[in-house]
Q: 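Mind having a look at this structure? Questions to follow.
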Amino acid sequence: MRLAALQSITGFVPQEDIVHEDLTVRENLAYSARLRLSAAKPASEKAALVEDCVDLLQLRHVQHQVVGSVERRGISGGQRKRVNIGTELVAKPSLLLMDEPTSGLDSTAAADILGALTRMARLGCTIVAVVHQPRFSIFRMFDDVLLLGKGGHLAYAGPSRLALRYLESLGFALPPNENPADFMLDVVCGSVPRQDGSPFQPSELPSLWQSHGRSWVDLHSKLAAKEQEQAAAAPLQAPGMDPEQLGLLEEQFDEVDSDGDGALDAAGLLRLLGRLGLEPSEASVVALMAELAVPRTGLLSKTALLQYIQSGGSASTGPDSSSAAAKRRNETLYRVYSIEQYTLASALAELSAAALTPGMRTSGASLRELAAVHHQQQEAAAAVAEGSGSGGPAGEGEEALSGTAVSNSSSLQQLDLLTEEAEAMDAQSQVQAGSAVDSLRPSFLPPQEQPGKEEPGRQQAVLVEVAQPLPQTGGLLAWLGLSSGTPLRATPGTAAQFGLLLLRSGIKWTRNWSGKMLEILLLVLAGVVLGVMHGTGADEWEVRGNAAICFLTLGILSGATSLSLFGSARVVWWREQERGVRSMSYFLAATCTQAVDVALQPAVFLSVYASMTLPAMPWGQLYGVGVLVCWFCTSLGALVSLLAPPSSSLMATVALLMITGGMLNGVSPNYRDMAPSLRDLTSISYNRWAIEIVTIQSFAHFPNWRWPATKSAMNAAGYCGLYGIDRFPEDAAAFANVDTARLLDIRQYCANAVANDVLVLVGLGTILRLLSALALAYIPRGLRLEPAVNVVARLLAARRRQRQSLAGAA
């Protein structure tokens, strides 16, 4: 299975608190739940999950406060860390990875957060966390711990309660009043010498772990489990036991235990009893080991022997084997049924790999039924083994098999609530199973005709044929938010995510009203200054220059403000993209929200400017040109914010807008006087097309007596294909016999030019938007220039070495 298929059921909490600073605590959790939980889950259940997460992380009193940032006061650092964790918890991940969740927190806040995570782990979530220098109470919260040495080499991997004992077995002693967790890190780093003074290098720890560390942990894990069972079944010390005798027994045990692992084999137990003045037979020692030794190890722990002696020679009785088997069966069934962790195919493959071998074949069996057959086979095998070992007749074995079937059926009835969700998933897969033994067939499996008589006493098994899961397909259904294929979790589709992200973007836009007000004030200020500079009554030769400065100013201001579209939230987007949020939904929501700025900014700026300059063209047409300019410039700014790092994105945007709007605008140098190749290059300039539109529309509203002058200005500019025509005289008498409607009316000789310019501006802005969408999806972290720089450096170095070799040869 590809790792990308696990995005919906895994979570990752980065070390940095990457959350939406403009949203409240509840809104951060709610939108994470809506975007990442199953699309089929009702909204009420998602809201209930958010409520539980708020209570679990103790955020109820700040749930309606904005998270804030360093510049904008919000919640505290510890609460922000909890929100960072909560955005992953509300998604109900099966596996939660955390990078230093306690960094920057005091010990109390760290204990609170780890306590909440411990409660989540008890509910079935697997949590893997990297923690530096935790206090010992936090360290003991982890079930297992992984100690890594320099270079990432493994120094220890096992239960947290055995980590200190393992290091002590290597000769390291914990100093008094020292934090055990800090002591372990010191040992791994090589800061602590061995107690006996023998030389030690931290690089030895990985080899020590590979040589005997794994077996040491396995052995002591079993010993600890056995000690816990015996401690629960018998008191620590019987009344009347002499402490001196108990101490003497412990001393003798430690002397016989030469390797110091706290356990003895049969020979060691025989020597110990001999030292105590006893003369037991070998058969008695073997019987005692069979009763007290850890299963499958042949070793007797000190605690087990002491409890045996204190209790007056009666061994502690462990839990009933049948209840232990039932508990093991229930745990296996629960793990198999959890659709949050397994697909139906992987669950059946696990069962098949465990014990389901060919022998039974039918169709229509559910996952629960197949699991029941598997466990009944295990119980039947155990019953047959017990019957043959005791010499009982075949009838007794058959009775044992039937009793096992009844027990399995009753235990399955207790798990109906856990299997409802798994049963719904069974309908999406094709499962075939059957049985060759009638006594093993549950009543809910259909009968099957036997191909032949089976041998008596032969164990039969089950064959499970699992069809491969259908690949998750896209298309219209997935885009609209409907599930397709059999993914681990069918999250909302592109259209559904677009609606959620659009609502979230609108909330963030309205919360940033102070920044929007500052942008409006800057636009008003720029419009006032520019209007004072240009004044009113511009003639034919000033229209182009005024328009160039006007739209260059508007373009730079709008392009600079668009950098926050993807630049300020790029880190948040990286996190959401890794968790399954679709780039198309995010892009469309951001573009629709920015459309408000595209419509608002030219309205503010051009209203002020037009009221002070009184241009000849109508304000509505001037506003339309301003919207097209903002469309191009904001698209360019959005693209630059994705490709360039934040530290240089502003300079890159201003530079590109100055080049395209100030240098290639066709005003200076003049469009007519440019070389053909440079004239073609002006096609990428937004200002070249905007100036042409304003010039044509302004001249179209001049009176007829000014047509000769407008024709001369257009001829000098070179617009509308006027390249080789000489300058027209401004005297109207020279045009007495000329069709002025055709030669002098700009609406005639520049017909369709405005429509062409509008299409070009729309097309340029749209191309930049499409490039932004591709960059957001495929290179969200921007362009990496280091590889290209390294290639150029290597080429230059090779060329320099070549020149040096040639010079040496000469």
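None of the values given here were measured: they were computed from a predicted structure.
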Q: Indicate yes or no for a side-chain donor-acceptor contact from Y623 to the backbone of A599 under 3.5 Å, with no hydrogens or angles considered.
A: yes

Q: Do the side chains of I75 and V83 get nearer than 4.5 Å, heavy atoms only?
A: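 Answer yes - side chains close enough.
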
Q: Say whether, by atom type as modelled, one donor and one acceptor occur between the side chain of T536 and the main chain of T613 under 3.5 angstrom.
A: no

Q: Show me the pairs that pass side-chain hydrogen bond (donor to acceptor under 3.5 Å, both in side chains) and involve residues 513-534, at least two apart or across chains.
A: K516-D597, H534-Y609

Q: With a 4.5 Å heavy-atom cut-off, do V760 and S683 have their side chains touching?
A: no

Q: Holding to salt bridge (charged side-chain N to carboxylate O under 4.0 Å, His left out), I want the full list of residues that pass it with R579, two or more places apart in sequence or in another chain.
A: none

Q: Determine whether more than 12 heavy atoms belonging to other residues, nucleotides or ligands lie under 6.0 Å from atom CG of D680.
A: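 Check passes, neighbour count above 12.
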
Q: Within the structure provided, determine whether D22 and I507 are in side-chain contact (heavy-atom separation under 4.5 Å).
A: no

Q: For H20, enumerate each residue passing the ring-ring contact (aromatic ring centres under 6.0 Å, His included) test, keeping only those at least two apart in sequence or located in another chain.
A: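 Not a single residue meets the ring-ring contact (aromatic ring centres under 6.0 Å, His included) criterion with H20.
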
Q: How long is the gap from CE on M714 to CD on E540, to the nearest 0.5 Å?
A: 12.0 Å

Q: Counting distance only, does the side-chain N/O of S648 pair as donor-acceptor with the main-chain N or O of A644 below 3.5 Å?
A: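 Checking the backbone N and O of A644 against the side chain of S648, no donor-acceptor pair under 3.5 Å is found.
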
Q: Using distance alone, with no hydrogens and no angle criterion, decide if N84 and R575 have a side-chain donor and acceptor under 3.5 Å apart.
A: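 A donor-acceptor contact under 3.5 Å links the two side chains.
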
Q: Looking at S562 and Q594, what are the two nearest heavy atoms and their distance?
A: CB-NE2, 3.1 Å

Q: How long is the span from the CG atom in D539 to the OG1 atom in T710, to the nearest 0.5 Å?
A: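 Nearest 0.5 Å value for the CG-OG1 distance: 12.0 Å.
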
Q: For the residue pair N665 / R544, report whether a side-chain donor-acceptor contact shorter than 3.5 Å exists.
A: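 Per modelled atom types, R544 and N665 side chains form no pair under 3.5 Å.
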
Q: I want to check something: taking the side chain as every heavy atom from C-beta on, are S635 and W631 in contact at a cut-off of under 4.5 Å?
A: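 A side-chain contact exists here, since the closest heavy-atom pair is under 4.5 Å.
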
Q: Using side-chain heavy atoms (C-beta onward) and a distance below 4.5 Å, is V130 in contact with M98?
A: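 No; the side chains remain at least 4.5 Å from each other.
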
Q: Suppose we screen for side-chain contact (heavy atoms from CB on, under 4.5 Å). Which residues come up paired with T24, at least two apart in sequence or across chains?
A: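 Partners of T24 under the side-chain contact (heavy atoms from CB on, under 4.5 Å) test: R26, E27, V66, R511.
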
Q: Applying side-chain contact (heavy atoms from CB on, under 4.5 Å), name anything that partners M674, two or more places apart in sequence or on another chain.
A: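 Once residues adjacent in sequence are excluded, the partners of M674 under the side-chain contact (heavy atoms from CB on, under 4.5 Å) criterion are P669, L678, R679, T682.
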
Q: Just checking, is any N or O donor in the side chain of Q802 or S805 under 3.5 Å from an acceptor N or O on the other one?
A: no

Q: Using every non-hydrogen atom in the two residues, find where N670 and A716 come nearest and quote the distance to one decimal.
A: ND2-O, 2.7 Å

Q: Check salt bridge (charged side-chain N to carboxylate O under 4.0 Å, His left out) between D757 and all other residues, then give those that pass, not counting sequence neighbours.
A: none

Q: For N704, give me all partners under side-chain contact (heavy atoms from CB on, under 4.5 Å), at least two apart in sequence or on another chain.
A: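 N704 satisfies side-chain contact (heavy atoms from CB on, under 4.5 Å) with W707 once adjacent residues are dropped.
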
Q: Could you list the residues that satisfy salt bridge (charged side-chain N to carboxylate O under 4.0 Å, His left out) with R769, not counting sequence neighbours?
A: none

Q: Might you point out which heavy atoms bring T491 and Q497 nearest each other, and give the distance in Å?
A: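 Looking at all heavy atoms of both residues, the closest pair is OG1-NE2, 4.4 Å.
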
Q: If I compare all heavy atoms of S772 with all of L642, which pair ends up nearest, and what's the gap?
A: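 It is O-CD1, 3.3 Å.
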
Q: Nearest 0.5 Å, please: how far is CG in L639 from CG in L770?
A: 11.0 Å

Q: Treating S32 as the side-chain partner and T87 as the backbone partner, does any N or O pair qualify as donor plus acceptor under 3.5 Å?
A: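 Yes, because the side chain of S32 sits within donor-acceptor range (under 3.5 Å) of the backbone of T87.
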
Q: Run the side-chain contact (heavy atoms from CB on, under 4.5 Å) test against T653 and tell me which residues pass, sequence neighbours left out.
A: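 In terms of side-chain contact (heavy atoms from CB on, under 4.5 Å), with neighbours along the sequence ignored, T653 is linked to L563, V640, L657.
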
Q: Which heavy-atom pair separates A690 from V625 by the least distance, and what is that distance?
A: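 Closest approach of A690 to V625: CB-CG1, 3.8 Å.
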
Q: Determine the minimum heavy-atom distance between W705 and P708, stating which atoms define it.
A: O-CD, 3.7 Å

Q: Any side-chain heavy-atom pair from V629 and N687 closer than 4.5 angstrom?
A: no

Q: Looking at E578, E88, E576, which hits salt bridge (Lys or Arg N to Asp or Glu O under 4.0 Å) with R36?
A: E88

Q: What I'd like to find out is whether the side chain of T553 reaches to under 4.5 Å of the side chain of L530, using heavy atoms alone.
A: yes

Q: Per the ring pair (Phe, Tyr, Trp, His ring centres under 6.0 Å) rule, what does the pair list look like for residues 551-586, sequence neighbours excluded?
A: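 Qualifying pairs, neighbours excluded: W573-Y586.
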
Q: Would a distance-only check, ignoring hydrogens and angles, find a side-chain to backbone donor-acceptor pair under 3.5 Å from K81 to Q15?
A: yes

Q: Is a side-chain donor or acceptor of Q577 paired with a backbone partner of A777 at a separation under 3.5 angstrom?
A: yes

Q: Please enumerate all residues that pass side-chain hydrogen bond (donor to acceptor under 3.5 Å, both in side chains) together with T561, with sequence neighbours excluded.
A: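 By the side-chain hydrogen bond (donor to acceptor under 3.5 Å, both in side chains) rule, T561 matches Q601.
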
Q: Looking at residues at least two apart in the chain, or sitting in another chain, which of them share a ring-ring contact (aromatic ring centres under 6.0 Å, His included) with Y686?
A: F632

Q: Does a salt bridge link R72 with E21, judged by any charged N lying under 4.0 Å from a carboxylate O?
A: no

Q: Just wondering, do L628 and V758 contact through their side chains at under 4.5 Å, heavy atoms?
A: yes

